Amino acid sequence: LEFRRVLFRSIDITNASCLSNDGIWTIIGCDDSIIKVIRNFQSISTIRLYRESVISCAVNQKFNLIACGTGDGILVLC
């Protein structure tokens, strides 16, 4: 647990609702409908969905795919 706290210290995860990791990529879904994309522990991008909050997320490096489910029943593929 302490390792994770140090790892994400520079990335704001106070409103995180879900997290997915495939070894290299980490995706954090947030209550404010933002997806934070992290690669090798460095923040790469944020994606605003303009929907309700992100309630589930998954990342797959093999297929170069991010999938997120929102509170209003929408599945977003990036």
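Note that the structure is predicted; figures quoted are calculated from it, not measured.
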Enter the distance from [X]:[atom1] to [Y]:[atom2] here, rounded to the nearest 0.5 Å.
X	Y	atom1	atom2	answer
I38	N40	CD1	CG	11.0 Å
Q61	N21	CD	CG	10.0 Å
R51	I74	CZ	CD1	4.0 Å

Are L19 and W25 joined in one hydrophobic group, where the rule is that I, L, V, M, F, W and Y side chains link up if heavy atoms are under 4.5 Å apart? no
If hydrophobic clusters are built by linking Ile, Leu, Val, Met, Phe, Trp and Tyr wherever their side-chain heavy atoms come under 4.5 Å apart, do I34 and I44 end up in the same one? no
pair [X]-[Y]: side-chain heavy atoms closer than 4.5 Å:
X	Y	result
T46	I35	no
S20	D22	no
V37	I47	yes
I27	K36	no

Could you pull out the closest heavy-atom pair between [X] and [Y], with the gap in Å?
X	Y	answer
S33	V54	CA-CG2, 4.1 Å
C68	C57	SG-CB, 3.8 Å
A16	I28	CB-CG2, 3.6 Å
R48	D32	NH1-O, 3.3 Å
V59	I66	CG2-CG1, 4.2 Å
A67	L75	CB-CD1, 4.4 Å

